Amino acid sequence: MRFDVLTLFPELFAPFLTVGVTRRAFDQKMVDVQLTNPRDFAAGNYRRVDDRPFGGGPGMVMMAEPLSRAIESIRSLRIDSAPVVLFSPIGKRLDHAAVQRWSDSSGAILVCGRYEGLDQRFIDSYVDEQISLGDFVLSGGELAAMALLDAVARLQPGVLSDQDSHHYDSFNPALDGLLDCPHYTRPEEFNGQTVPAVLMSGHHAQIERWRRDQRLRLTALHRPDLLAIARAAGHLTPSDEAALRACK
C-alpha cells in the first residue's frame with residue numbers, strides 16, 4: 001500500500017519512519033510513504049502557500065492552488081485512484097475499525113493542514129474523507145498522519161516480532177473490543193507489590209479466565225461504552241456477567 005503525505009514539514013517524518021518496530025513496514029515498503037511539500041507547487045519567488053482570510057480575522061489560510069497542484073502531481077504518479085484524506089476537527093474520530101480498514105486498503109493521500117485551515121474550495125473539490133484524533137486541536141496534521149501510519153504499519157504481517165501480538169491489543173475484535181488486561185514481568189516483587197499468584201501458577205485456563213476478568217473490569221471502570229457495545233453484540237458470556245457482578 002502507498003500513502004502520499006502532503007505536508008509543509010516533511011522533515012518531521014524522517015525519525016518516525018526510521019526508528020521503532022514499525023520501521024520494518026516502511027523499510028520493506030509494506031507501507032510505502034511518499035512525502036510531498038505543497039510549497040514546491042506554489043507560484044512566485046517566495047513559494048507562498050498561505051494568505052489572509054477573506055472577511056478578516058486572525059491567522060492565515062492555506063491557499064487552494066498549491067494544494068490542488070500537489071494533489072494532481074501525486075495522482076499522476078499513482079496507479080490507483082487513492083482517496084484524499086484531510087485531518088480535521090470535523091472528521092470522524094479515528095478508531096480501531098477505521099485503522100483496520102486502512103490497513104486492508106491500497107493507501108491514500110493524506111493532507112496535513114496548517115495555520116487556521118485550508119481554503120474550503122480545495123476541501124470541496126478534492127477531499128473524500130476527514131479524520132480527527134479527538135476533541136482537541138493540533139498545530140498541524142502531521143502528528144495525526146503519523147498516528148494513522150503507525151497504527152496501520154503495526155498491523156502488517158511480519159512487522160511485530162510476535163505476529164499474534166496485535167490481536168491482544170485494546171479495542172481489537174479478538175478481545176471483543178474490550179480494553180487489554182494488566183501485564184507483569186520480572187522482578188516478582190516491586191515496591192512491596194507482588195505478581196498475581198494466578199500468573200505464576202502455570203494453569204493456562206485459569207490465567208486466561210483471570211485476564212478476561214481483568215479486561216472486563218477495566219473496561220467497565222474506564223470505558224463502559226465499549227462494554228455496552230460488547231454486550232449488545234452478544235459477546236459476553238454468563239461467566240463474563242458473573243465476573244462483572246463480582247467487581248461491583
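Quantities reported herein were computed from a predicted structural model and do not represent experimental measurements.
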*asked:* Side chains of P38 and L8, heavy atoms from C-beta outward: is any pair under 4.5 Å?
replied: yes
*asked:* For H204, I'd like to know if atom NE2 has over 12 heavy atoms of other residues, nucleotides or ligands within 6.0 Å.
replied: no
*Measure the CG-CG distance between L118 and D50 for me, rounded to the nearest 0.5 Å.*
11.0 Å
*Please state whether the rings of F16 and F13 are parallel, tilted or perpendicular, taking 30° and 60° as the class boundaries.*
perpendicular
*Considering only heavy atoms from C-beta outward, does the side chain of L218 approach that of P182 to under 4.5 Å?*
yes
*Are any non-hydrogen side-chain atoms of D150 and M146 less than 4.5 angstrom apart?*
no
*Is it the case that Q206 and R209 place a side-chain donor and acceptor less than 3.5 Å from each other?*
no
*Could you check if a side-chain atom of R215 sits within less than 4.5 angstrom of a side-chain atom of D176, using non-hydrogen atoms only?*
no
*Look at atom CD of E65 and say whether more than 12 heavy atoms of other residues, nucleotides or ligands are closer to it than 6.0 Å.*
no
*Would you say the side chain of F26 lies within less than 4.5 Å of the side chain of Q156, judging by non-hydrogen atoms?*
no
_Is any side-chain heavy atom of L12 closer than 4.5 Å to one of T7?_
no
*If we only count heavy atoms from C-beta on, is the D169 to R154 side-chain gap below 4.5 Å?*
yes
